[in-house]
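Worksheet for the structure shown next.
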Amino acid sequence: MSIKLSRRDFIKLSAALGLTSLAFRPFTGFEDDETAQDLARVAVKTVSVYTNPDDKSAIKFQRFRDELVNVYYAVDSPYGPEYNPIWYRVWGGYIHRANLQRVKVRYNSIPSAIREEGQIAEVTVPFSQAMRYTSITGWQQLYRLYYQSTHWITGIDEGPDGEAWYRVKDELLEIDYHVPAFHLRLIPDDELTPISPDVTNKWIHVDRSLQKVTCYENNEPVFEKQVSTGLNYQPEGEIPWKTPKGEFNIQSKMPSKHMGDGNLTGNPEDYELPGVPWTCFFETTTGVAFHGTYWHDDFGTPRSHGCVNMKTEDAKWLFRWATPVNAPADVEKRGFGTKVIVE
């Protein structure tokens, strides 16, 4: 199934991708028009479109998971909710931003080769349909990979449409699958350089009451962001979801982590989150971590099963700043790293 293409072939292929390979494009028409990229993806089963930016106003209709909506503008609503009062004006009314993901459509050139040890990449389209090939079943759909999720690329092969697809390594299931190559951007090494590597006195404070994370250097705050910690809930027979209180240290860092039950073709409502970006585990017994979040925009209130949900760009900053220091080729970096205090 592997293909080998010359640089000239790849240049020709990259140009042709703008006109071919339409079957797996989640959206078309906006990739060259920045003014048309005010898009949001519905990140849950369904959201309501209200008459006004107020959840007590009349509901006009529903939008459903993975639908893309045009955002005309944002409204800071006096009707709240207080911690997250932003609503989006869309066709037909208003949607609260909590369960939407702002997205863009950006296609990428394809390299002539992938680094032998693999390279980390991010999805740059609203979603991309992953496929897996086996000699018994042929090509089968897996889960979708979402905007700003990150994945380990280990090769370039011919996909089900005859075009160039990246081979992706799933570290949880230890399997390979494929995704259209022009849907992902290889992250250059210089984007992963450590922040303040010479500072030894670093620590992180998580304030559950204010839903904030603050990073300190020599006891001076250098970074403060709103987050979502764990819900105050304990399902029967499971560990509590509330983010544990105490003093910890970052022990494991992974630029991409598959969180979930490992169900390859499960229901979209199942807990299956491939490619969770910029993950820093500080309580490894129950798997509590800082990480980027592509399934909600509701920071400022508890939402998680215990982890500290962050905007993806914020999680990337913390990942680069905190220790232990990752090399670009590290699938996982372990060590006794930056202190974390949760209150």
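When reading the values below, keep in mind they use all heavy atoms of this one structure, side chains included, and skip hydrogens, waters and symmetry mates.
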Problem set entry | With E171 via salt bridge (Lys or Arg N to Asp or Glu O under 4.0 Å) - residues at least two apart | K257
Exercise. Do N84 side-chain atoms and P81 backbone N/O form a donor-acceptor pair below 3.5 Å?
Worked result: no
For this session: Look up atom CG in N249 and atom SG in C280, then write down how far apart they are to the nearest 0.5 Å.
Result: 12.5 Å
Exercise. Going through the distances and angles, do V340 and E283 end up as a side-chain contact (heavy atoms from CB on, under 4.5 Å)?
Worked result: CA-CA 10 Å; V340 178; E283 204 289 290; over 6 Å; no
For this session: Please report the C-alpha distance between T154 and I114 in whole Å, then the side-chain angles of each, then the deciding distance to 0.1 Å, and finally whether the side-chain contact (heavy atoms from CB on, under 4.5 Å) criterion is met.
Result: CA-CA 6 Å; T154 59; I114 298 297; 5.7 Å; no
Exercise. Which heavy-atom pair separates V105 from P126 by the least distance, and what is that distance?
Worked result: CG2-CD, 3.7 Å
Problem set entry | Cluster check V331, I187: I/L/V/M/F/W/Y, side chain < 4.5 angstrom | yes
Problem set entry | Residue pair P277 / Y294: nearest heavy atoms and the distance that separates them | CD-CD2, 4.2 Å
For this session: Check step by step if side-chain contact (heavy atoms from CB on, under 4.5 Å) holds for I153 and L184.
Result: CA-CA 9 Å; I153 308 305; L184 279 78; 3.8 Å; yes
Exercise. Ignoring hydrogens and geometry, is there a side-chain-to-backbone donor-acceptor pair from N218 to E220 under 3.5 Å?
Worked result: no
Exercise. Is there a side-chain contact between H291 and N309 (heavy atoms, below 4.5 Å)?
Worked result: yes
Seminar exercise, completed: NZ (K169) and CD (E174) are apart, to the nearest 0.5 Å, by 6.0 Å
For this session: Please check if I239 and F281 belong to a single hydrophobic cluster, counting links between Ile, Leu, Val, Met, Phe, Trp and Tyr side chain heavy atoms closer than 4.5 Å.
Result: no
Seminar exercise, completed: Contacts of P85 meeting side chain to side chain contact (heavy atoms under 4.5 Å, CB included) (sequence neighbours excluded), chain-then-number -> D76
For this session: Measure the shortest side-chain to side-chain distance between L210 and Y83 over non-hydrogen atoms and say whether it is less than 4.5 angstrom.
Result: no
Exercise. Given the rule that I, L, V, M, F, W and Y join up when any side-chain heavy atoms are under 4.5 Å apart, are V47 and Y88 in one cluster?
Worked result: yes
For this session: Give me the one residue out of W139, Y133, W165 that meets ring-ring contact (aromatic ring centres under 6.0 Å, His included) with H178.
Result: W139
Exercise. To the nearest 0.5 Å, what is the distance between CD1 (I204) and CD1 (I341)?
Worked result: 10.0 Å
Exercise. From Y146 OH over to T293 OG1, what is the distance, rounded to the nearest 0.5 angstrom?
Worked result: 15.0 Å
Exercise. Is any side-chain heavy atom of T243 less than 4.5 Å from a side-chain heavy atom of V342?
Worked result: yes
Problem set entry | Test ring-ring contact (aromatic ring centres under 6.0 Å, His included) applied to H258 - qualifying residues, sequence neighbours left out | Y143
Exercise. Given the rule that I, L, V, M, F, W and Y join up when any side-chain heavy atoms are under 4.5 Å apart, are F299 and V44 in one cluster?
Worked result: no
For this session: Go through the steps to decide whether H305 and Y271 satisfy the test ring-ring contact (aromatic ring centres under 6.0 Å, His included), and finish with yes or no.
Result: CA-CA 10 Å; H305 291 191; Y271 176 58; 5.3 Å; yes
Problem set entry | H151: partners by ring-ring contact (aromatic ring centres under 6.0 Å, His included), with sequence neighbours left out | none
For this session: Could you tell me whether the side chain of I110 reaches within less than 4.5 Å of the side chain of I156, counting heavy atoms only?
Result: yes
Exercise. Would you call the rings of Y233 and W241 parallel, tilted or perpendicular if under 30° counts as parallel and over 60° as perpendicular?
Worked result: perpendicular
Problem set entry | Pairs flagged by salt bridge (charged side-chain N to carboxylate O under 4.0 Å, His left out) wherever residues 332-343 is involved - sequence neighbours left out | E332-R334
Problem set entry | Interatomic spacing from CG in L100 to CD1 in I86 - rounded to 0.5 Å | 12.5 Å
For this session: Among residues two or more places apart or on two chains, list those pairs meeting ring-ring contact (aromatic ring centres under 6.0 Å, His included) that have a residue in residues 42-61.
Result: Y50-W87, F61-W91
Seminar exercise, completed: Distance col, row N99:CG vs R65:CZ, nearest 0.5 angstrom, shows 9.5 Å
Exercise. Side-chain contact, heavy-atom cut-off 4.5 Å: K242 with L231?
Worked result: no
Problem set entry | Side chain to side chain, S109 and F182, heavy atoms closer than 4.5 Å | no
Seminar exercise, completed: Residue set satisfying salt bridge (Lys or Arg N to Asp or Glu O under 4.0 Å) with R132, at least two apart, ordered chain then number -> none
For this session: Locate the shortest heavy-atom distance separating D170 from L173; write the atom from each residue and the value.
Result: OD1-N, 2.9 Å
For this session: May I ask whether V276 and F282 are part of the same hydrophobic cluster, defined by side-chain heavy atoms of I, L, V, M, F, W, Y residues being less than 4.5 angstrom apart, directly or through others?
Result: no
Exercise. Heavy atoms, side chains only, cut-off 4.5 Å: are L192 and N326 in contact?
Worked result: no
Only distances under 3.5 Å count here; give the side-chain donor-acceptor pairs of residues 221-230 to other protein atoms, sequence neighbours excluded, each with its distance to 0.1 Å.
from: E224; atom 1: OE1; to: T214; atom 2: OG1; distance (Å): 3.2
from: S228; atom 1: OG; to: D298; atom 2: O; distance (Å): 3.2
from: S228; atom 1: OG; to: T301; atom 2: O; distance (Å): 2.8
from: T229; atom 1: OG1; to: Q211; atom 2: OE1; distance (Å): 3.4
from: T229; atom 1: OG1; to: Q211; atom 2: NE2; distance (Å): 2.7

Exercise. If you look at every heavy atom in G306 and P244, which pair is closest and at what distance?
Worked result: O-CD, 4.5 Å
Enumerate, atom names and distances included, each donor-acceptor pair closer than 3.5 Å involving a side-chain atom of residues 116-125, sequence neighbours excluded.
from: Q119; atom 1: OE1; to: R115; atom 2: N; distance (Å): 2.9
from: E122; atom 1: OE2; to: R185; atom 2: NE; distance (Å): 2.9
from: E122; atom 1: OE2; to: R185; atom 2: NH2; distance (Å): 2.8
from: T124; atom 1: OG1; to: R106; atom 2: O; distance (Å): 2.4
from: T124; atom 1: OG1; to: N108; atom 2: ND2; distance (Å): 2.8
from: T124; atom 1: OG1; to: H183; atom 2: O; distance (Å): 3.3

For this session: Answer yes or no: is there a side-chain heavy-atom contact under 4.5 Å between D38 and N70?
Result: no
Problem set entry | R320/E191 salt bridge by N-O under 4.0 Å criterion | no
Exercise. Ion pair present between R167 and D176, side-chain N to carboxylate O less than 4.0 angstrom?
Worked result: no
Problem set entry | Closest contact, heavy atoms only, S48 versus I95 | O-CG1, 3.8 Å
For this session: Would you verify whether the NZ or CZ of R89 falls within 45 degrees of the ring axis of Y72 while also being under 6.0 Å from that six-membered ring's centre?
Result: no
Seminar exercise, completed: Contacts of Y147 meeting side chain to side chain contact (heavy atoms under 4.5 Å, CB included) (sequence neighbours excluded), chain-then-number -> Q101, V103, K104
Exercise. Passes side-chain contact (heavy atoms from CB on, under 4.5 Å), L318 versus V213? Steps please.
Worked result: CA-CA 10 Å; L318 188 145; V213 160; 4.2 Å; yes
For this session: For Y94, enumerate each residue passing the ring-ring contact (aromatic ring centres under 6.0 Å, His included) test, keeping only those at least two apart in sequence or located in another chain.
Result: none
Problem set entry | Side chains of W321 and E217, donor plus acceptor under 3.5 Å | yes
Problem set entry | Exercise: identify the closest heavy-atom pair between I250 and A322 | CD1-CB, 3.6 Å
Problem set entry | Sequence neighbours excluded, every pair satisfying salt bridge (charged side-chain N to carboxylate O under 4.0 Å, His left out) that has a member inside residues 39-61 | R41-D66
